[in-house]
Every structure is written in structure tokens, then in C-alpha cells.
Asks: 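Sharing a structure, written as C-alpha cells. Questions coming.
The chain is numbered in sequence order, starting from 1.
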Amino acid sequence: MSDLAGFLRQQAHIHGDLPFVRFRDERVTFAEFDAVTDRVAAGLAARGVAPGDVVSVFLPNHLRFLEAWWGILKAGAVFGPVNPAYTASEAAFVLEHSGAVAVVTDASGAERVPDGVPVLSIDDGSFDALRDCTDAPPDVTRARDDLAHILYTSGTTGQPKGAMLTHGNVIANTWQTAELVPLAPGDRLGMILPLFHANAQIATTLVPMMIGCEVVMWDGFSASGFWDMLAEHEPVSISAVPTILSALLNSAGDRDVSNTSLRYVICGAAPLSQEMLETFQERFGLRILEGYGLTETTCVASINPYYGEQKAGSIGLPLRGQQMEIRGEDGETLGPGERGEICIKGPNVMPGYFKNEESTAESLRDGWLYTGDVGVVDEDGYFFIVDRTKDMIIRGGENIYPREIEEVLYRFEGVMEAAVIGVPDPHRGEEVLAIVVPRDGAEIDPDEILAFTHEHLAKFKRPRAVEIRDDLPKTSTGKISKGPLREEYGHWSSAR
């Protein structure tokens, strides 16, 4: 088994009549999913889709998304997901840059697809025609090094970059992740993160496919509706981001949530504060497996083990088969406690960015991925993120890492979310600004927060001021987005 199409067929043979996906009123077994994706592959081939072609999926979470994804792979083509929240111009860049020969979408997405790209809509019957195709599926086998996915990273500057993931990358990361989670055939997982993103693809699609679990797809995350969905479907796990965990804590109210079906929660995409981790675990009586990964590593690179020591504030240990190091500016490997760039090597690391040799050369050096994340490793081999290299604040010649300040802010009673950014200062180059969102019903005095930071931070690290807001900008996966904040506060002045 060298490719993902063969992987699905193998799992369908093993798990057969076990339920695989439930979405709204639809429920399909492994065998049924294998059969319908064979028909989609046949339909794509009949339309002229050839091995190596890119076919995009421009949909919110939906059973048809999964059918399109795996039908594309069975046709020997390359799966190119597009963020369903993209505007017409954003979608056009991804579709045109990837050279997509077709796009599976809905009525809303079709309005944002540029002229010239064939549309297969789940709303007008054109995708149903693929599902009803009676031709034999194409007899295609892809090599492990052949391209399977192109995932465009959101980025903080410039246009998105297309991370190329091979069949071997995806299969390797699935094995690496599956062996670390406490799951068995027949267990059920809840999918609340978007499918265009690597997390939902690996953690809540491919890992369940490998083990024989059922995936319950939710239309989207709603903190108020989460508890009813949890009681109805009883998943043993979900994957989330810190902002989701914060919202769940806030929405739980007086509910008795100490005995839910959840066994563990995987949390990634952004650092989780120690305060949040400990509060959530105690309140819900489960384990949070804080992990770390990038699109460029297919998904998961490290995680706090379920069967082993968990260190609060750590992104855990590298997955088996991966190497992780802290490197200095000259590329030298640093020892425990020394700050440097996190670098990763393994069979799950992408071969490069699509049509972007410059960015590939910058990120991949001698087989190592330079992540751009600043971290440290302790004596036990556990890694900790300090911050993004590009997120560092230089104040009066002193390097300041916002992550450290945010940890303190999350410990202040009443703070639900926090972001720390550098703002221009004519004297020190940059000044530190803290932006916080209160919990529902909480009233926060900025001066009290400043006094609190004075107790816990050295003078040069303390925020110059605190701004109170109703919300913070987020990416499509729920991660706090600092880019818009830097733009908004680019002319900030403490005198205002």
C-alpha cells in the first residue's frame, strides 16, 4: 500500500460494516464510503481529470467534502482544499496558482470561483452526477513520493503558500499520530474544526479511518450548542484550539460537566496557557493533549503523551520517526534551556512549497524544516514554544517574547482572551501593548491588570498599557490573529 486510495480500500476491507461518518441525517459505513468514492473517482475520470491534476474542494464541513476529497485521490489527482471563508479574490489566487482543473463547491462558493474554472456544485446536481457514475473506477496507483495534497497556509504577510504533501507524508503522519491516542474500533470522535485544515484531515479523518472509529461531523462550532451535541453523540474526543476551550469554559455555566463522554481533547494551532489547561482538565475531568504541528509537517509534530508524563505549558515530545531540535542563528544545535528556532525532520515533512522555490529554500535546509517558532527543550526532551521569531518585540534593545506576557494575563481573574503586540514608540523602538477580552459578566480595570503584571514580570517586559475589547480577530481555525491587531494599533499612542 503506497498511496491513500489503497489505504482507504484496505481500511474498508478491514472495518467494512462499522460506521465511518455521520453528518446530519446521513450515516455511512466504511464499505459504503469506499463505494461512493469509487463512483466519484470514475465520474472525475469521465470528465477528463487525469492523474496529477489538481482538483479543489471549496466547501464548509459536509459529507460531500469527504466524498470529493477521497474521490479525487482515487482518480490519482491532487486534493486542493480552499478555505470556504475566502473572498472571490482570495479563492481566485489559490485556484489559479494551483492550476485547479475543477472545483467542487456549493452555490455560495460558485459565486466566488473565477471564470474558466469548471464548477461541480453539490447544489445543482453536477456533483451528484459524479456520485451516480456507473463506470469502473480508474485503475491508478500513486507512488509514496507523488503529490497528494496542496494546502495553502494563511500566512501573516503576502500571498498564501501551497505546502505540498505527498502520499507518504500523509500516511506517515497518520501512523505517527494514531499510535499515541487511546482509541479503539467503534469509538466515536467529534469533528468541529474545518476540513480544509490539516488538523481535521489527520486527527479527525485519517486517524479514525486507520483505527476503525466513527466521525461525527458538526456543521460548525457553537459554544452554546456544544453541550447538547455532546450529549446526543457522545464522542470520546474532539480536536480544538485554545479559543474554543476558553469559550466552552465560559459557556458551561453551572452545568455538571465532570462526567461527559470525552476521554481526551487534542489542542493545538496556538499555545495554550497553563492556567487554561489546568482549569479545563479539572473542570471536565479529562486530559488535554497539547500538541504542536504545522501544515508543513502534514499535521502533528509533537504532543504530550496520553500514556506518560504531561508537562503543562509544553508542546510535548516529538512523534516517533520525527526529529526535533532547537537551533541557533548559525544552525548549531542548542542544549536544554537555550532559546532558538524549532527545527523538524521526518517522513511527514513536506518536500516544499508549490511553485515557490525561494520560500522552499528558506524553510527547508539539509532536510530540516525551519519552523520560525522560538522554543526551548528541557532535560527530559519536552519542547516549549516561546514565540514566533517574527512576533518578537524589541524594546530599548531588549528582546521580549509576547507569549510569556500572555501567560501572566491569562492568570488574571476575568480574562478570557489575551494578545500582546509590539507598537511603534519613538524612544524605545517598540512598546508593549496588551489587548484583553473579559469573560461574560466580568468587569476589568486596565490599571489592575497592569499592577498584576508588575508583580509577575520584569520591568522591561511589562505592558505599557492595556486595551479592553469585546473580541479579538481570529483565523478560520479559531486562532487569534495578530496581523489585524498590528494594523489597527499601528499608530497607537499611550496618550490617546
Asks: Grab the two heavy atoms, one from Ala136 and one from Ala42, that are nearest each other, plus how far apart they are.
Replies: O-CB, 3.7 Å

Asks: Relative to each other, are the rings of Tyr152 and Phe93 parallel, tilted or perpendicular (30° and 60° limits)?
Replies: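 Correct class here is perpendicular.
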
Asks: Do you know which two heavy atoms are closest between Thr141 and Asp3, and how far apart they sit?
Replies: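 Taking Thr141 first and Asp3 second, the nearest heavy atoms are CA-OD2, 3.7 Å.
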
Asks: Show your reasoning for whether salt bridge (charged side-chain N to carboxylate O under 4.0 Å, His left out) applies to Glu26 and Arg64.
Replies: CA-CA 11 Å; Glu26 294 185 84; Arg64 304 294 169 262; 3.0 Å; yes

Asks: State whether the side chain of Tyr370 and the backbone N or O of Glu362 hold a donor-acceptor pair below 3.5 Å, judged by distance alone.
Replies: no

Asks: So does Ser121 get a backbone contact from the side chain of Ser126, meaning a donor-acceptor N/O pair under 3.5 Å?
Replies: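 Yes, because the side chain of Ser126 sits within donor-acceptor range (under 3.5 Å) of the backbone of Ser121.
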
Asks: Could you state the interatomic distance from OG1 (Thr166) to CZ (Arg142), rounded to the nearest 0.5 Å?
Replies: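 Atom-to-atom, Thr166:OG1 and Arg142:CZ are 11.0 Å apart.
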
Asks: Please check this pair: side chain of Ser302 against backbone of Ile315, looking for a donor-acceptor N/O pair closer than 3.5 Å.
Replies: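 Such a contact is found between Ser302 side chain and Ile315 backbone.
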
Asks: Taking the side chain from Thr105 and the backbone from Phe58, do they hold a donor-acceptor pair closer than 3.5 Å?
Replies: yes

Asks: Given Lys482, which of Glu488, Glu406, Glu487 fulfils the salt bridge (charged side-chain N to carboxylate O under 4.0 Å, His left out) condition?
Replies: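 When salt bridge (charged side-chain N to carboxylate O under 4.0 Å, His left out) is applied between Lys482 and each of Glu488, Glu406, Glu487, only Glu406 qualifies.
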
Asks: Is it the case that the side chain of Glu431 and the backbone of Asp425 share a donor-acceptor pair, with hydrogens and angles ignored and the cut-off at 3.5 Å?
Replies: no

Asks: So how far is it from Ile344 CD1 to Gln322 CD, rounded to the nearest 0.5 Å?
Replies: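 Answer rounded to 0.5 Å: 6.5 Å.
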
Asks: Answer whether the closest heavy-atom distance between the side chains of His149 and Trp69 falls below 4.5 Å.
Replies: yes

Asks: Check the side chains of Glu296 and Tyr353 for a donor-acceptor pair under 3.5 angstrom, ignoring hydrogens and angles.
Replies: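 On atom types as modelled, these side chains qualify, holding a pair under 3.5 Å.
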
Asks: Considering non-hydrogen atoms only, spot the tightest contact between Ala100 and Val117 and give its length.
Replies: O-CG1, 4.2 Å

Asks: Should the pair His233 and Trp218 be assigned to parallel (<30°), tilted (30 to 60°) or perpendicular (>60°) ring geometry?
Replies: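 Geometry flag for Trp218 against His233: tilted rings.
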
Asks: Taking it one step at a time, do Lys345 and Asp366 satisfy salt bridge (charged side-chain N to carboxylate O under 4.0 Å, His left out)?
Replies: CA-CA 9 Å; Lys345 186 177 185 178; Asp366 298 324; over 6 Å; no

Asks: Distance from Asp38 atom CG to Asp135 atom CG, nearest 0.5 Å?
Replies: 12.0 Å

Asks: Kindly compute the distance separating CG (Asn356) from CE (Met164), expressed to the nearest 0.5 Å.
Replies: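 So the CG of Asn356 and the CE of Met164 are separated by 9.5 Å.
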
Asks: To the nearest 0.5 Å, tell me how far Arg39 CZ sits from Asp34 CG.
Replies: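 Taking CZ in Arg39 and CG in Asp34, the distance rounds to 10.5 Å.
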
Asks: Between Asp373 and Phe383, is there a side-chain heavy-atom distance shorter than 4.5 Å?
Replies: no

Asks: Do His197 and Pro81 come within less than 4.5 Å of each other through their side chains, counting heavy atoms only?
Replies: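 No - every pair of side-chain heavy atoms lies 4.5 Å or more apart.
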
Asks: Does some side-chain heavy atom of Ile303 sit less than 4.5 Å from a side-chain heavy atom of Leu180?
Replies: yes

Asks: Can you find a heavy atom in the side chain of Val40 that is under 4.5 Å from one in the side chain of Cys133?
Replies: no

Asks: Do Thr177 and Ile202 pass the side-chain contact (heavy atoms from CB on, under 4.5 Å) test, and can you show the C-alpha distance, the side-chain angles, and the key distance before you say yes or no?
Replies: CA-CA 8 Å; Thr177 306; Ile202 300 296; 4.2 Å; yes

Asks: Is Asn348 close to Trp175 at the side-chain level, that is, under 4.5 Å between some pair of heavy atoms?
Replies: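 No, every pair of side-chain atoms sits at 4.5 Å or beyond.
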
Asks: Is the side chain of Asp53 donor-acceptor paired with the backbone N or O of Val101 at a distance under 3.5 Å, no angle test?
Replies: no

Asks: Flag this pair as yes if the NZ/CZ of Arg112 is under 6.0 angstrom from the six-membered ring centre of Tyr86 and inside a 45 degree cone about the axis; otherwise no.
Replies: no

Asks: Just by distance, with hydrogens left out, do Thr37 and Lys74 show a side-chain donor and acceptor under 3.5 Å apart?
Replies: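 Yes - a donor-acceptor pair under 3.5 Å links their side chains.
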
Asks: Using side chain to side chain contact (heavy atoms under 4.5 Å, CB included) as the criterion, list what pairs up with Thr204, not counting sequence neighbours.
Replies: Leu189, Met191, Ala200, Ser239

Asks: Could you list the residues that satisfy side chain to side chain contact (heavy atoms under 4.5 Å, CB included) with Val21, not counting sequence neighbours?
Replies: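 Here the qualifying residues are Val28, Leu63, Leu66, Met217.
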
Asks: Is it the case that atom CZ in Arg47 sees more than 12 heavy atoms from other parts of the structure closer than 6.0 Å?
Replies: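 Incorrect, the count does not exceed 12.
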
Asks: Would you find a donor on one side and an acceptor on the other, under 3.5 Å apart, between the side chain of Ser237 and the backbone of Tyr264?
Replies: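 Side chain of Ser237 to backbone of Tyr264: a pair is present.
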
Asks: Check this for me: Glu179, atom CD, are more than 12 non-hydrogen atoms of other residues, nucleotides or ligands nearer than 6.0 Å?
Replies: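 Result for CD/Glu179: enclosed.
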
Asks: Please name the residue in the list Leu193, Ile192, Val241 that meets the side chain to side chain contact (heavy atoms under 4.5 Å, CB included) test with Phe221.
Replies: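 Looking at Leu193, Ile192, Val241, the match for Phe221 under the side chain to side chain contact (heavy atoms under 4.5 Å, CB included) is Ile192.
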
Asks: Which class fits the ring pair Trp70 and Phe33: parallel under 30°, tilted 30 to 60°, perpendicular over 60°?
Replies: perpendicular

Asks: Before you tell me yes or no, could you show the steps for Leu120 and Leu44 under side-chain contact (heavy atoms from CB on, under 4.5 Å), namely the whole-Å CA-CA distance, both residues' side-chain angles and the distance that decides it to 0.1 Å?
Replies: CA-CA 10 Å; Leu120 299 167; Leu44 288 170; 3.9 Å; yes

Asks: Just checking, any donor-acceptor pair under 3.5 angstrom between side chains of Ser108 and Asp106?
Replies: no

Asks: Let's go through Val181 and Val207 carefully: what are the C-alpha distance in whole Å and the side-chain angles of both, what is the deciding distance for side-chain contact (heavy atoms from CB on, under 4.5 Å) to 0.1 Å, and is it a yes or a no?
Replies: CA-CA 9 Å; Val181 290; Val207 167; 4.2 Å; yes

Asks: Closest approach of Val432 and Ile405, non-hydrogen atoms and distance?
Replies: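 Where Val432 meets Ile405 most closely, the heavy atoms are CG1-CD1, 3.9 Å.
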
Asks: Using the ring of each side chain (for Trp, its six-membered ring), is Phe79 parallel, tilted or perpendicular to Phe65, with breaks at 30° and 60°?
Replies: perpendicular

Asks: Should Glu417 and Lys474 count as an ion pair when the cut-off is N to O under 4.0 Å?
Replies: yes

Asks: Pro208 and Ala203: which non-hydrogen atoms are nearest, and at how many Å?
Replies: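 Heavy atoms of Pro208 and Ala203 come nearest at CD-O, 3.6 Å.
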
Asks: Are any of the side-chain heavy atoms of Leu73 and His167 separated by less than 4.5 Å?
Replies: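 Of all side-chain heavy-atom pairs linking His167 with Leu73, at least one is under 4.5 Å.
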
Asks: With rounding to the nearest 0.5 angstrom, report the CD to CG distance, Gln201 to Leu206.
Replies: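 Gln201 atom CD to Leu206 atom CG measures 8.0 Å (nearest 0.5 Å).
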
Asks: Tell me which one of Leu433, Val423, Val420, Ile435 satisfies side chain to side chain contact (heavy atoms under 4.5 Å, CB included) with Leu485.
Replies: Ile435

Asks: Under a 3.5 Å distance rule, please check whether Thr297 uses its side chain to pair with a backbone N or O of Val300 as donor and acceptor.
Replies: no

Asks: Using side-chain heavy atoms (C-beta onward) and a distance below 4.5 Å, is His15 in contact with Phe20?
Replies: no

Asks: Between Glu214 and Arg27, does the salt bridge (charged side-chain N to carboxylate O under 4.0 Å, His left out) criterion hold? Intermediate values first, please.
Replies: CA-CA 10 Å; Glu214 181 181 14; Arg27 191 174 185 179; 3.0 Å; yes

Asks: Run the side-chain contact (heavy atoms from CB on, under 4.5 Å) check on His62 and Glu67 step by step: do they pass?
Replies: CA-CA 9 Å; His62 197 288; Glu67 294 172 353; over 6 Å; no

Asks: I'd like to know if the side chain of Gln11 reaches the main chain of Met210, judged simply by a donor and an acceptor atom lying under 3.5 Å from each other, with no hydrogens or angles considered.
Replies: yes

